[in-house]
K.L.:
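Take a look at the following structure, please.
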Amino acid sequence: MSGQTTTPGAFLGAIFSGRSGASLITLPWWADTIILPLLNVLVAFIVSGIAVWIIVGADPLTVGVTMIGGAFGDANAVGTTLYYATTFIFAGLAVAVAFHAGLFNIGVDGQGQIAGIGIAWACLHLGGLPWLLAIPLGMAAGMLFGAAWAFIPGYLQAKRGSHVVITTIMFNYIATALVQYLLVNVMMKPGSGEPKSELFPDSTGMPLLSDILAGIGIQLDLTLVNLAFPIALIAALLVWALIWRTRLGYAMRTVGHNQTAAVYAGISPAKIIIIAMLISGGLAGLMGANVLMGEQHRMIIDYTAGAGFIGIAVSLMGRSHPAGIVLASILFGALIQGGQELSFENPVFDKNMIVMIQGIIILFVGALETMFRPQLAALFQLFTPAGKGA
């Protein structure tokens with residue numbers, strides 16, 4: 001350490017206090033994007049384990065093993081985990097695109113619900129087309145409707161100064177009421193006692209991933225996960241290319257960092273805000289491709305089931321980077337699937353317990369995401385040679 005000596009007391013003091021200028025150190029990218037989120041998740045699971053032990057008296061290790069087995073124990077479990085993760089990937093990408101432009105789009109859930117109307121309308125009229133045409137057209141309809149619903153808050157932010165957080169929250173409630181009205185009064189199957197549409201034609205259904213793999217000689221019984229999963233991975237790659245490899249992405253990041261500097265550079269913040277919200281809403285619309293075209297094969301009430309809000313946590317945990325979003329989505333998918341297995345094995349663990357664990361994770365990767373940064377920075381300060389940056 002270039003002549004520096006660190007006593008055990010000074011070492012522990014720096015770590016637990018986070019002082020000595022540690023907060024001024026810029027962490028390496030791998031520490032900021034990998035180590036810090038993993039540390040937050042680890043602490044969240046420890047706190048969750050303690051809460052489980054206190055509330056129901058269960059052994060946290062046994063609970064953890066059961067949840068991991070339920071999420072990844074066999075091909076069926078993996079398939080269901082990836083099915084849930086697919087929806088979260090689209091939601092997380094939608095949040096991330098807006099966030100890079102300095103926008104906090106809380107309306108992803110509502111945009112996804114409106115997109116479901118577009119998907120249902122398109123799919124119910126595409127029965128005569130082959131699936132190679134019907135599926136892309138159904139997805140395009142969902143993206144169009146989701147983008148249209150996101151355009152309004154984007155326009156109000158860009159042209160009228162209405163804060164996008166407030167307007168997107170309001171539009172979630174409007175979307176819920178509008179979808180309920182359309183399903184009950186316009187799209188509901190005649191004679192049905194439930195607010196849901198007619199079944200979509202077979203040609204609009206997303207092929208199961210297990211069927212696709214069987215076509216190339218790979219036999220895996222992956223329950224539920226469908227073609228939307230590889231499409232979600234492609235969407236993540238395209239978002240990465242958009243944000244970091246295009247002029248539009250550079251403009252979005254510039255507006256997100258400093259609108260004054262963006263104007264000085266000849267970039268129109270209003271234009272970028274609207275474009276970012278359109279892209280965000282389009283990605284939100286793809287949630288319906290997974291759930292409605294891949295599993296339900298009809299439009300139902302609240303098909304998103306709050307996935308748009310989980311997308312916020314996924315984006316925060318993934319540092320708004322597509323690779324991180326994919327990994328975070330798999331984690332949240334595993335929590336849901338593992339939680340269902342846990343509740344089956346032990347009825348004491350109902351849905352509320354899983355929601356509690358999700359909430360603790362969201363707390364640590366969201367509101368408290370930088371809580372351990374000073375301590376981690378102190379480690380780098382103590383072990384970084386003098387005169388060199390982290």
K.L.:
Is there a donor-acceptor contact under 3.5 Å linking the side chains of Glu295 and Tyr83?
P.N.:
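Note: Glu295 and Tyr83 side chains meet the donor-acceptor criterion.
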K.L.:
When rounded to the nearest 0.5 angstrom, what is the spacing between CD1 in Ile279 and CE in Met143?
P.N.:
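Rounded to the nearest 0.5 Å, the CD1-CE separation comes out at 9.0 Å.
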K.L.:
Looking at side-chain heavy atoms only, is the closest gap between Val255 and Pro269 below 4.5 Å?
P.N.:
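Answer yes - side chains close enough.
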K.L.:
Compare all side-chain heavy atoms of Thr167 with those of Ile152 and state whether any distance is below 4.5 angstrom.
P.N.:
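Of all side-chain heavy-atom pairs linking Ile152 with Thr167, none is under 4.5 Å.
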K.L.:
Kindly write out the residues that satisfy ring pair (Phe, Tyr, Trp, His ring centres under 6.0 Å) with Trp131, not counting sequence neighbours, or none if the list is empty.
P.N.:
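With sequence neighbours excluded, Trp131 shows a ring pair (Phe, Tyr, Trp, His ring centres under 6.0 Å) to no residue whatsoever.
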K.L.:
Would you say the side-chain atoms of Thr223 pair up with the backbone N or O of Gly79, donor to acceptor, closer than 3.5 Å?
P.N.:
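Checked: no pair found.
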K.L.:
Evaluate side chain to side chain contact (heavy atoms under 4.5 Å, CB included) for Leu93 paired with Leu286, printing each intermediate quantity in order.
P.N.:
CA-CA 10 Å; Leu93 291 174; Leu286 288 175; over 6 Å; no
K.L.:
Taking Val314 as the starting point, is it possible to reach Leu331 by hopping between hydrophobic residues whose side chains are less than 4.5 Å apart?
P.N.:
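Cluster IDs for Leu331 and Val314 match.
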K.L.:
Can you give me the closest heavy-atom contact between Ile135 and Ser203, atom names plus distance?
P.N.:
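Shortest heavy-atom contact: CG1-O, 3.9 Å.
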K.L.:
Please report the shortest heavy-atom distance between Met287 and Gly112, naming the atom on each side.
P.N.:
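Answer, listing the atom of Met287 first, then Gly112: CE-CA, 3.8 Å.
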K.L.:
For the pair Phe88 and Phe332, name the ring-plane relationship: parallel under 30°, tilted 30 to 60°, perpendicular over 60°.
P.N.:
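Perpendicular, since the angle between the ring planes exceeds 60°.
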K.L.:
Looking at Ala77, is its backbone amide N or carbonyl O close enough to the side chain of Gln337 to form a donor-acceptor pair, meaning the two atoms are under 3.5 Å apart?
P.N.:
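Absent.
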K.L.:
Indicate yes or no: at least one non-hydrogen side-chain atom of Ile273 is less than 4.5 angstrom from one of Gln259.
P.N.:
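Yes - at least one pair of side-chain heavy atoms lies under 4.5 Å apart.
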K.L.:
Would you say Asn105's side chain and Val95's backbone share a donor-acceptor pair under 3.5 angstrom?
P.N.:
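No; judged by distance alone, with no hydrogens or angles, the pair does not exist.
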K.L.:
Just how far is it from atom CD1 of Ile330 to atom CG of Leu82, taken to the nearest 0.5 Å?
P.N.:
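Between atom CD1 of Ile330 and atom CG of Leu82 there are 6.0 Å.
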K.L.:
Calculate, to the nearest 0.5 Å, the distance between atoms OG and CZ belonging to Ser329 and Phe90 respectively.
P.N.:
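Answer rounded to 0.5 Å: 10.0 Å.
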K.L.:
Assess whether atom CG of Asp202 is packed by more than 12 heavy atoms of other residues, nucleotides or ligands within 6.0 Å.
P.N.:
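Not more than 12 within 6.0 Å, no.
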K.L.:
So does Phe229 have more than 12 non-hydrogen atoms from other groups sitting under 6.0 Å from CZ?
P.N.:
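Enclosed.
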K.L.:
Between Cys123 and Phe200, which heavy-atom pair has the shortest distance, and what is it?
P.N.:
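Closest heavy-atom pair between Cys123 and Phe200: CB-CG, 3.7 Å.
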K.L.:
Kindly work out whether a path of hydrophobic side-chain contacts (I/L/V/M/F/W/Y, heavy atoms less than 4.5 Å apart) joins Phe171 to Phe104.
P.N.:
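Phe171 clusters together with Phe104.
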K.L.:
Would you name the heavy atoms of Tyr84 and Gly333 that are closest together and state the gap between them?
P.N.:
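So the two residues come closest at CB-CA, 3.8 Å.
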K.L.:
Please name the residue in the list Trp244, Tyr250, Trp240 that meets the ring-ring contact (aromatic ring centres under 6.0 Å, His included) test with His100.
P.N.:
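Single ring-ring contact (aromatic ring centres under 6.0 Å, His included) partner of His100 among Trp244, Tyr250, Trp240: Trp244.
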K.L.:
Please find the pair of heavy atoms, one from Gly281 and one from Ala150, that lie closest to each other, and give the distance.
P.N.:
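For Gly281 and Ala150, the tightest heavy-atom pair comes out as CA-CB, 3.7 Å.
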K.L.:
Could you tell me whether a side-chain N or O of Thr304 sits under 3.5 Å from a main-chain N or O of Ala307, the two making a donor and an acceptor?
P.N.:
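Answer holds: no.
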K.L.:
Is it true that atom CE of Met356 has more than 12 heavy atoms of other residues, nucleotides or ligands lying nearer than 6.0 Å?
P.N.:
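For Met356, atom CE is crowded (more than 12 foreign heavy atoms under 6.0 Å).
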K.L.:
Side chains of Ile312 and Ile106: does their closest heavy-atom pair fall under 4.5 Å?
P.N.:
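Yes, close enough: below the 4.5 Å cut-off.
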K.L.:
Any donor and acceptor pair, going by atom type alone, linking the side chain of Gln111 with main-chain N or O of Gly282 inside 3.5 Å?
P.N.:
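No, Gln111 side chain to Gly282 backbone: no donor-acceptor pair under 3.5 Å.
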K.L.:
Between Met139 and Ile231, is the side chain to side chain contact (heavy atoms under 4.5 Å, CB included) condition met? List the steps.
P.N.:
CA-CA 11 Å; Met139 293 171 58; Ile231 291 175; 3.7 Å; yes
K.L.:
Report yes if the side chains of Gln296 and Tyr303 come closer than 4.5 Å at any heavy-atom pair, otherwise no.
P.N.:
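Side chain of Gln296 against side chain of Tyr303, heavy atoms only: no contact under 4.5 Å found.
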K.L.:
Are any of the side-chain heavy atoms of Leu376 and Leu379 separated by less than 4.5 Å?
P.N.:
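Result yes, sub-4.5 Å side-chain heavy-atom pair found.
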K.L.:
Are Met317 and Val41 packed together at the side-chain level, in the sense that at least one heavy-atom pair is separated by less than 4.5 angstrom?
P.N.:
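Of all side-chain heavy-atom pairs linking Val41 with Met317, at least one is under 4.5 Å.
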K.L.:
First locate atom CD1 of Ile336, then atom CD1 of Ile357, and finally report the distance between them rounded to the nearest 0.5 Å.
P.N.:
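One finds 12.0 Å between CD1 of Ile336 and CD1 of Ile357.
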K.L.:
Any donor-acceptor pair under 3.5 Å linking the side chain of Asn226 with the backbone of Leu224?
P.N.:
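Between the backbone of Leu224 and the side chain of Asn226 there is a qualifying donor-acceptor contact (under 3.5 Å).
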K.L.:
Would you compute the distance between atom OG1 of Thr168 and atom CG of Asp109 and round it to the nearest 0.5 angstrom?
P.N.:
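Separation between the atoms: 11.5 Å.
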K.L.:
According to a 4.5 Å side-chain heavy-atom criterion applied to Ile, Leu, Val, Met, Phe, Trp and Tyr, with indirect links allowed, do Leu335 and Val47 form part of one hydrophobic cluster?
P.N.:
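Shared cluster, yes.
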K.L.:
Would a hydrophobic clustering, with Ile, Leu, Val, Met, Phe, Trp and Tyr connected at side-chain separations under 4.5 Å, put Trp121 with Tyr181?
P.N.:
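Per the 4.5 Å side-chain linkage, Trp121 and Tyr181 are not co-clustered.
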K.L.:
In sequence, state the C-alpha distance, the side-chain angles, and the governing distance for Arg298 and Leu199, and then conclude on side chain to side chain contact (heavy atoms under 4.5 Å, CB included).
P.N.:
CA-CA 5 Å; Arg298 68 176 77 206; Leu199 280 172; 3.1 Å; yes
K.L.:
Is there a path of hydrophobic side-chain contacts, each under 4.5 Å between heavy atoms of I, L, V, M, F, W or Y residues, that connects Ile169 with Leu178?
P.N.:
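Linked, Ile169 and Leu178 end up in one cluster.
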K.L.:
Dump the intermediate steps for side chain to side chain contact (heavy atoms under 4.5 Å, CB included) on Ile117 and Met299, then the final yes or no.
P.N.:
CA-CA 7 Å; Ile117 296 295; Met299 179 61 183; 4.2 Å; yes
K.L.:
Quick one: pull up CD1 in Ile243 and CG in Leu248 and give me the separation to the nearest 0.5 Å.
P.N.:
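Ile243 CD1 to Leu248 CG: 7.5 Å, rounded to 0.5 Å.
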K.L.:
Which heavy atom of Ser197 sits nearest to which heavy atom of Leu124, and what is that distance?
P.N.:
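Closest pair (atom of Ser197, atom of Leu124, distance): CB-CD1, 4.5 Å.
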K.L.:
Please list, chain by chain and in numerical order, all residues satisfying ring pair (Phe, Tyr, Trp, His ring centres under 6.0 Å) with Tyr155, sequence neighbours excluded.
P.N.:
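Partners of Tyr155 by the ring pair (Phe, Tyr, Trp, His ring centres under 6.0 Å) criterion, ordered by chain and then number, come out as Phe151.
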K.L.:
Any side-chain to backbone donor/acceptor pair from Ser315 onto Gly311? Under 3.5 Å, distance only.
P.N.:
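Not a single qualifying donor-acceptor pair exists.
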